Every structure is written in C-alpha cells, then in structure tokens.
Amino acid sequence: QVQLVESGGGLVQPGGSLRLSCTASESLFEVNAMAWYRQISGKRRELVATIDMGTTAEYVGSAKGRFTISKDIARNTLYLQMNDLKPEDTAVYYCNRLFEPRYNWGQGTQVTVSS
C-alpha cells in the first residue's frame, strides 16, 4: 500500500513562506497527476494545486500567483512552495493523486499563519 508522508508545515507570520514536502513510499509521479489539498478546520478538504505527469501545474483560487507545485521524481517527493501566506491559508495540507482512486491519505502537515 502506498504511503504518503507530508512535512514542512509550521507557524508562520502573514507574508511569510513555507515549503511543504510529500514523500511517497514508491515511485508515483511519472504515472499519476498529483495534487496538494488542504482542509480548513470545520470545512471539507479542498484542492489547492495540481501537477500532471509532466510539469504542467495548475492552481486553484487564492493559490494562484503565490504557490508553486513541483516534484522531484528521483526523490519521490512532491513540493508546495507557499509565499505571501495569509491567515486564511491556515489548514492541514495533504498530497494525493488528483484523480480517483486516491491513495490512503497521509497525516497531513499543519500550516498556521498568524501574527
């Protein structure tokens, strides 16, 4: 069973930056479109950014212009560079396949944006 492990979250002030990582237990990124999702407390999980099997990336809503999704196939790692963070970005961030069926969800990584 594929395992996804997210890391890199933390507490950051508004306007700050973080880089999230998602390491997979096996090679995934050449055969799956992948995505970052986030779940704000009390709300449904939502899509943040996607990357196809190549390098084409797309962003949803407020992530446009501030976040960058990328991947390192050799390291089986997906990244999300987040700049100009805002309090409304506070959430638990997850990675997974873009399309069903998805892998088991990892534990996520908490991002808190607060002064």
Side-chain angles (χ1 to χ4, degrees):
Q1 182 63 270
V2 172
Q3 292 188 347
L4 301 169
V5 179
E6 299 91 351
S7 62
L11 173 63
V12 63
Q13 293 187 343
S17 298
L18 284 174
R19 188 175 81 154
L20 307 184
S21 299
C22 166
T23 300
S25 58
E26 58 187 72
S27 180
L28 301 177
F29 305 141
E30 291 179 289
V31 297
N32 292 286
M34 296 294 295
W36 282 98
Y37 302 83
R38 69 185 181 189
Q39 188 165 21
I40 298 169
S41 181
K43 297 187 176 182
R44 296 183 65 179
R45 189 175 286 143
E46 63 183 16
L47 183 65
V48 175
T50 70
I51 188 165
D52 69 5
M53 289 178 281
T55 57
T56 300
E58 295 189 2
Y59 303 91
V60 179
S62 62
K64 295 177 184 177
R66 299 189 299 127
F67 295 2
T68 303
I69 187 172
S70 62
K71 58 188 175 182
D72 185 334
I73 292 172
R75 289 183 166 84
N76 296 338
T77 301
L78 186 72
Y79 300 103
L80 185 68
Q81 176 68 43
M82 305 189 296
N83 298 327
D84 189 25
L85 283 161
K86 305 177 185 301
E88 52 265 39
D89 296 316
T90 295
V92 179
Y93 286 72
Y94 304 86
C95 70
N96 212 316
R97 297 181 68 185
L98 175 60
F99 301 114
E100 296 282 2
R102 295 197 176 86
Y103 300 117
N104 288 338
W105 294 92
Q107 83 288 351
T109 187
Q110 174 72 49
V111 171
T112 302
V113 185
S114 175
S115 55

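Hydrogens, waters and symmetry mates are skipped; everything else that's a heavy atom, side chains included, is used. In this text, all values refer to a predicted model and were calculated from it rather than measured experimentally.
- Within the structure, disulfide (SG to SG under 2.5 Å) contacts touching residues 34-83 (residues at least two apart or in different chains) do not occur.
- Within the structure, disulfide (SG to SG under 2.5 Å) pairs that include any residue of residues 65-115 comprise Cys22-Cys95 (at least two apart or interchain).
- Under the 4.5 Å side-chain criterion, counting only non-hydrogen atoms from C-beta, Leu28 is not in contact with Asn76.
- Residues passing the side chain to side chain donor-acceptor pair (under 3.5 Å) test with Thr90: none are found, sequence neighbours excluded.
- The salt bridge (charged side-chain N to carboxylate O under 4.0 Å, His left out) contacts involving residues 83-93 comprise Arg38-Asp89, Arg66-Asp89, Asp84-Lys86, where partners must be two or more places apart or lie in separate chains.
- Residue Gln3 qualifies as open at atom CD: its count of foreign heavy atoms under 6.0 Å is 12 or below.
- Remark: Arg97 pairs with no residue by the salt bridge (charged side-chain N to carboxylate O under 4.0 Å, His left out) rule, at least two apart or across chains.
- With sequence neighbours excluded, no residue forms a salt bridge (charged side-chain N to carboxylate O under 4.0 Å, His left out) with Arg19.
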In a table with atom names and distances, give each donor-acceptor pair under 3.5 Å that connects a side chain of residues 9-16 to protein atoms at least two apart or in another chain.
none

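- With sequence neighbours excluded, no residue forms a salt bridge (charged side-chain N to carboxylate O under 4.0 Å, His left out) with Asp52.
- Side-chain heavy atoms closer than 4.5 Å link hydrophobic residues (I, L, V, M, F, W, Y) into clusters, and following such links, possibly through other members, connects Tyr93 to Val113.
- Test Leu20, Leu18, Leu80, Val5 against Thr109 for side-chain contact (heavy atoms from CB on, under 4.5 Å) and you get one pass: Leu20.
- The side chain to side chain contact (heavy atoms under 4.5 Å, CB included) check on Ser7 picks up Ser21, with sequence neighbours excluded.
- A continuous path of hydrophobic side-chain contacts links Ile69 to Tyr103 [ILVMFWY only; heavy atoms under 4.5 Å].
- In the hydrophobic cluster analysis, where Ile, Leu, Val, Met, Phe, Trp and Tyr join through side-chain heavy atoms closer than 4.5 angstrom, Trp36 is grouped together with Ile73.
- Checked against ring-ring contact (aromatic ring centres under 6.0 Å, His included), Tyr37 has the following partners two or more places apart in sequence or in another chain: Trp105.
- A search for salt bridge (charged side-chain N to carboxylate O under 4.0 Å, His left out) contacts involving Glu58 returns nothing, not counting sequence neighbours.
- For the side chain to side chain donor-acceptor pair (under 3.5 Å) test, no residue two or more places apart in sequence or in another chain qualifies with Thr68.
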